[in-house]
Amino acid sequence: MSRHIAEVVENIEIACKIYKMTIISNQVAQSAYPGQFIHISIPHDESLLLRRPISINRVNRNNNQVDIIYQVVGKGTKILSGLEKGAELDILGPLGKGFWIPKGTKKIYIVGGGCGVAPVRFIGERWDYLDITSFLGFRGKPWAYQIDEFERFSRKVFVSSDDGTIGYKGSIISLLDKHLSVENPDLVMACGPVPMIQALQKTVLKYDIPCQISLEERMGCGVGGCLVCSCAIGSKDKWDYKKVCTDGPVFWSEEVILDGESETKC
Amino acid sequence: MSRHIAEVVENIEIACKIYKMTIISNQVAQSAYPGQFIHISIPHDESLLLRRPISINRVNRNNNQVDIIYQVVGKGTKILSGLEKGAELDILGPLGKGFWIPKGTKKIYIVGGGCGVAPVRFIGERWDYLDITSFLGFRGKPWAYQIDEFERFSRKVFVSSDDGTIGYKGSIISLLDKHLSVENPDLVMACGPVPMIQALQKTVLKYDIPCQISLEERMGCGVGGCLVCSCAIGSKDKWDYKKVCTDGPVFWSEEVILDGESETKC
Amino acid sequence: MENLKLNVNIAGVSFKNPIIAASGTFGFGVEYKEYIDLNHLGGISVTGLTLEPRKGNPPPRIAETPSGILNSVGLQNPGVDYFIDSILPKLKQYDTNIIANINGNTLDEYCHMATRLQQIDIDMLELNLSCPNVKQGGVSFGTDPEMVYSITKAVKEHSHQPLIVKLTPNVTDITEIAIAAQKGGGDAISLVNTFLGMAIDVKTRRPVLGNITGGLSGPAIKPLALRMVWQVSRAVEIPIIGMGGIMTGEDVVEFLLAGATAVSIGTANLVTPDSMVKILYDFKTYMHNNKVSSIDELIGGLIVKMPT
Amino acid sequence: MENLKLNVNIAGVSFKNPIIAASGTFGFGVEYKEYIDLNHLGGISVTGLTLEPRKGNPPPRIAETPSGILNSVGLQNPGVDYFIDSILPKLKQYDTNIIANINGNTLDEYCHMATRLQQIDIDMLELNLSCPNVKQGGVSFGTDPEMVYSITKAVKEHSHQPLIVKLTPNVTDITEIAIAAQKGGGDAISLVNTFLGMAIDVKTRRPVLGNITGGLSGPAIKPLALRMVWQVSRAVEIPIIGMGGIMTGEDVVEFLLAGATAVSIGTANLVTPDSMVKILYDFKTYMHNNKVSSIDELIGGLIVKMPT
Ligand SMILES: Cc1cc2nc3c(=O)[nH]c(=O)nc-3n(C[C@H](O)[C@H](O)[C@H](O)COP(=O)(O)OP(=O)(O)OC[C@H]3O[C@@H](n4cnc5c(N)ncnc54)[C@H](O)[C@@H]3O)c2cc1C
Ligand SMILES: Cc1cc2nc3c(=O)[nH]c(=O)nc-3n(C[C@H](O)[C@H](O)[C@H](O)COP(=O)(O)OP(=O)(O)OC[C@H]3O[C@@H](n4cnc5c(N)ncnc54)[C@H](O)[C@@H]3O)c2cc1C
Ligand SMILES: Cc1cc2nc3c(=O)[nH]c(=O)nc-3n(C[C@H](O)[C@H](O)[C@H](O)COP(=O)(O)O)c2cc1C
Ligand SMILES: Cc1cc2nc3c(=O)[nH]c(=O)nc-3n(C[C@H](O)[C@H](O)[C@H](O)COP(=O)(O)O)c2cc1C
Ligand code: FES
Ligand code: FES
């Protein structure tokens, strides 16, 4: 929770238009936990005012390196992708309320879709003593990344793609559904595009499995002051707008009300 | 007169906050003549919409290199100063109606003040067969540049500075005045800050010497279409707004009406 | 990209594409002929004309602001007669629509100009009721619906060409003004002109502009212009030429979706003389990539779920 | 830099420096306490309050535009009672002026809130007549001088604290509205609130904001805000709190020169939580470098040669 300057150590394209950037930030490396994000000021172009929220993919507490993974979708991420080793980034972080492990949790399923694969990797890195099974969905092979990293901490990794070019052809949630019909983990933890999250919500409800999901919403301050990052949390009859930046981005699945019109990109 | 991409070959600080940039542009190198300028789009920062007009300091027709010299005064020139070899610049040019040599001209005086020294160098480079005496005024030694270049084509170079740290202490126009009182060139050609130009106008009038001066005004298009770069040209009773970008930047001294409130920087 | 339908019809005048040079930012067109093929443009709205030649405002006339520019040209122009005699013949060599942007200090002057242009071979008249740099009794005509109505009506009676009414955005309710222009007989509406603004030099403690205030244009105003186009398109029947900060093909799409039938490009011309060709190319690329075969699919095509 | 006079007086309330957090962009202040020492601020105008708690508008509530942002928060807040009971006590621990920004749907609601706050230990009331994201019968109160006059007058009768009237810039003539606020008994004026704008996503062909339109703030609007502050400062006697796109110390100088007595910082807080400290530092640096020992030299200090 601080504003500071982080140095870029590496910035490489790891899949189609998807970049992994490693920065040095002891503040983030030492205190971040899975599901949290950093809020990045875009350098060079003053016409872009807002910071960009990007989740933490991994931290290394020994050398203070922090990895983030981002897809180039607009002007801000385009500029980020052009930064070279030695560049300086003005960041805020770590921010947000991330994933947490309720008492007694032993067996978890990790579910990631597209860019949502990046943040959930941190779960496995940090809590590798749990019994982890991972479900990763991609558009296709050119967009897939870090499957090997998940293999390191997962009992098993299931992969699917929309076009069948890697793993099963079809939605990762139908794959998850099959597994839930035979085995119950203590907890599901997920991040991904809105349609995937909506399918997930139905599935975990059906099997009555506790599930934490990480949401995305357009942000301003990132620190809880401007109220622009609202998402509807509660039940259909009784809900409130909560802040994705400080109340989330991680919420209990059954409390998240998605209207289906929210934007997604990957 | 074209829009094209020029590559930066070199960009170095040659005096306090004054940079010399060499770019490759065959369009400019082959057709530019003294007093013309290029109109540079500032890269990286989209909040800065307008191009920056910078005069041509020298061209090399053999290797298509073009030199410009600029002082860092604001955001645009600051960004220019950070460009490195290999960077690409979107430029328009060569633009404007520069200096010209009326028939029969043999002996000329070149007068430059501050940043105005940069454009008048091109006069001596191009028309070095003339009998040239140069008068260069600077704020002080840290801001002086290219005196040796003027020595190559000048019979004599006179230098002055406001603080006396280089050359005579005092205004370059009073030095010019002394010389005009004993010798009459066929033509004076000048560029410099408004107060210098105003003093020059009085001096050349006193000795009745033809004088061409190069003006600066805030610009939009640079090609004569938007009418924002106006300067008053004519006589006190009968004047019109002319365009610095296409009717100038060079005008006959006796026609230039300066109200004394125009901005200058160097 | 060759089979795209790009042409639009505005008040009976056919435009080969929706890209029109905005008045005052593209001179009389001919200044740009070495940078851009004028035949590729939908139309050109020439520099604002007045009955008599005008010198315009004292320099400096331009200031750069964040993603915008302020200008205070103040309608410098050689007068309508000079335009007709010396400029129009050159311009007529090109295959593009010519729009005469007319400006008056009085209702009489507007009518006088319309009459003078009646028999002249131009495609449309654009009634500028909105220049923020020239004031009549301190208030510009364009902020009062009744004035807009009566000037439009009077000019309409004196003009043979279809009449575009150009609105100022410096008003509380733009729809009220647009409706007045329609009621007065305007055949199309163009909006927006510039927003009144100011810049101060903290070194000299003086305004940057010689005229103190000036008109803001460029990307900074795009969200405001877009909102006005959207509001007006739902309030009137006549077509709209939208403008304000268009720099890319996608900006054109935004204005069409909001309800404009064509667009004008202003500040982009000051930035780069061949902008309009680039913008048209990018616009066609958008259509191609998004499988839009006709521009008509985009015009007014915004999908809205009205908030409850 | 230690001997600079930075304090200003607004309607009898002393501000240690001219930097005030703009309503809605700085929460209730306490959200920022880990990033900024609240004791260093001249004042904090808290998030817009309403009588009852409000949920606000559907997401997305923010869009980025060139050098600006559009927001459509729509006054999400826990209601005035919750503010008084649960938030104010925390805020009162800091040495800075607290301004309560109040918003009503009816004249009654405004008066009710003023009454409720009468005995409460806040320094000033800010009457927000200008939120573009919440409408009453389609027109916001702040665009009608008579409404402004009567609401100001009524609230003044119910309030003990000095009253700031916050104006919307979405009007034809801002001076008319400012004069009405002064006549109604307003002790100060703050301007500008946001400009109504819109952004469209060309991929989905939908508005970016859940509320379709939103309020534009940030550097894009600075030239417009500055012009309005300058106009209003020449039209009224009461002090002005200027805002709109202030991101740097030099921006503060521009607003003071134009006639503001203090300034508010909005969008800059969304960009970086400790912006105000940096802006204050840069402002002091400007004063130091330009040998300005007192802020009073800058207020209204614009040197103008009126155009003829
Ligand atoms: C908590 C959180 C964590 C995120 N983690 C990641 C991640 O690890 N990897 C990744 O690739 N992306 C992540 N995103 C999405 C990422 O923030 C956007 O893709 C990015 O901001 C787009 O910026 P741009 O300038 O390239 O796009 P533009 O479309 O040009 O951006 C315009 C504006 O919209 C905002 N915006 C656009 N898309 C989104 C979006 N999907 N979510 C939020 N704001 C958006 C931008 O921040 C900016 O303010 C995360 C978003 C949130 C809220
Ligand atoms: C024909 C011509 C030739 C010039 N040649 C040179 C040269 O050879 N070397 C040099 O150092 N400078 C030259 N100048 C001045 C140079 O254009 C400005 O110093 C430069 O544009 C400042 O840009 P900035 O972004 O750093 O300053 P900012 O103050 O941030 O610029 C803001 C805006 O004001 C304009 N502006 C500011 N100062 C001037 C100025 N003095 N003249 C015109 N526009 C200005 C900028 O172009 C920009 O649009 C020339 C100007 C003209 C008109
Ligand atoms: C330098 C300049 C001069 C202008 N002159 C005129 C004019 O003479 N008549 C007119 O109707 N509009 C004039 N305008 C307004 C433009 O036509 C256009 O409405 C406005 O700039 C918004 O579009 P933009 O953001 O693309 O520039 C002028 C604008 C600029 C920048
Ligand atoms: C996210 C956001 C929320 C706002 N909420 C309020 C509000 O509740 N009450 C109010 O008077 N102004 C509100 N405003 C307007 C600001 O206080 C300020 O007037 C405006 O943003 C212009 O200043 P800026 O350009 O520095 O942001 C809000 C602005 C933003 C960006
Ligand atoms: S982004 Fe400002 S409250 Fe969440
Ligand atoms: S800069 Fe446009 S006419 Fe000279």
Side-chain angles (χ1 to χ4, degrees), chain A residues 1-5 27 39-42 45-53 73-76 90-93 95 194 215-234 238-248 256-265, chain D residues 21-22 24-36 46-48 53-78 201 203-204 206 208-210 214 217-220 245 247 266-275 277-278:
Chain A
M1 271 240 272
S2 87
R3 176 187 175 202
H4 55 278
I5 303 296
Q27 291 91 329
H39 213 24
I40 307 177
S41 171
I42 303 297
D45 188 343
E46 293 202 4
S47 74
L48 304 177
L49 293 176
L50 295 175
R51 288 171 186 265
R52 269 49 176 176
V73 293
K75 285 187 178 181
D90 174 343
I91 67 171
L92 291 176
L95 299 180
V194 171
L215 297 181
E216 286 188 8
E217 190 48 74
R218 294 193 173 219
M219 284 189 184
C221 67
V223 303
C226 72
L227 302 180
V228 305
C229 62
S230 52
C231 58
I233 298 291
K238 194 173 163 351
W239 58 271
D240 267 315
Y241 281 130
K242 296 276 182 193
K243 306 174 204 172
V244 170
C245 68
T246 48
D247 298 325
V256 172
I257 304 171
L258 291 169
D259 74 350
E261 298 232 348
S262 307
E263 60 196 328
T264 11
K265 46 164 226 240
Chain D
T25 66
F26 200 62
F28 292 109
V30 287
E31 294 87 342
Y32 286 79
K33 67 174 193 286
E34 316 195 18
Y35 296 93
I36 195 169
V46 298
T47 283
R54 265 184 74 99
K55 281 195 165 151
N57 289 325
R61 291 180 175 180
I62 191 165
E64 192 181 53
T65 68
S67 297
I69 60 170
L70 287 167
N71 91 80
S72 58
V73 171
L75 294 173
Q76 176 175 344
N77 81 97
D201 183 332
K203 280 181 221 120
T204 63
R206 290 169 191 268
V208 176
L209 296 175
S217 63
M247 308 297 277
T267 301
N269 299 320
L270 272 71
V271 172
T272 291
D274 54 0
S275 288
V277 169
K278 175 80 167 61

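Residue numbers start from 1 in every chain, and the chains themselves are labelled A, B, ... in the order their sequence lines are given, proteins ahead of strands. Every value quoted in this text rests on a predicted model; they were computed, and no experiment measured them.
Looking at residues two or more places apart in sequence or on another chain, you find a side chain to side chain donor-acceptor pair (under 3.5 Å) between A:Asp45 and A:Ser47. Remark: A:Ser41 engages A:Arg51, A:Asp90 in a side-chain contact (heavy atoms from CB on, under 4.5 Å) (not counting sequence neighbours).
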For D:Glu31 and A:Thr246, run side-chain contact (heavy atoms from CB on, under 4.5 Å): C-alpha distance rounded to whole Å, both residues' side-chain angles, the deciding distance at 0.1 Å, then the answer. CA-CA 10 Å; D:Glu31 294 87 342; A:Thr246 48; over 6 Å; no

So D:Ile62 and A:Met219, side-chain contact (heavy atoms from CB on, under 4.5 Å) or not? Walk me through it. CA-CA 7 Å; D:Ile62 191 165; A:Met219 284 189 184; over 6 Å; no

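Using a 4.5 Å cut-off between heavy atoms, D:Tyr32 touches chain A through its side chain atoms alone. Heavy atoms of D:Thr267 lying under 4.5 Å from chain A belong exclusively to its side chain. For chain A, the nearby part of D:Asn269 is the backbone; its heavy atoms alone come within less than 4.5 Å. For chain D, the nearby parts of A:Leu50 are the backbone and the side chain; heavy atoms of each come within less than 4.5 Å.
For the residue pair A:Tyr241 and D:Gly56, the shortest heavy atom distance occurs at CE1-O, 3.8 Å. Of all non-hydrogen atoms in A:Leu49 and D:Pro219, the two that sit nearest each other are CD1-CD, 3.6 Å. Closest non-hydrogen pair, D:Ala63 versus A:Arg218, comes out as CA-NH1, 4.3 Å.
Each of D:Lys55, D:Arg61, D:Gln76 was scored for a side chain to side chain donor-acceptor pair (under 3.5 Å) with A:Ser230, with one residue passing: D:Arg61.
Between D:Leu75 atom CG and A:Leu227 atom CG the span is 10.0 Å, to the nearest 0.5 Å. Here A:Ile91 contributes atom CD1 and D:Thr272 contributes atom OG1; the two are 12.0 Å apart, rounded to the nearest 0.5 Å.
Ranking A:Ala232, A:Cys226, A:Cys231, A:Cys229 against chain D, the residue ahead of the rest is A:Cys226, based on heavy-atom pairs under 4.5 Å.
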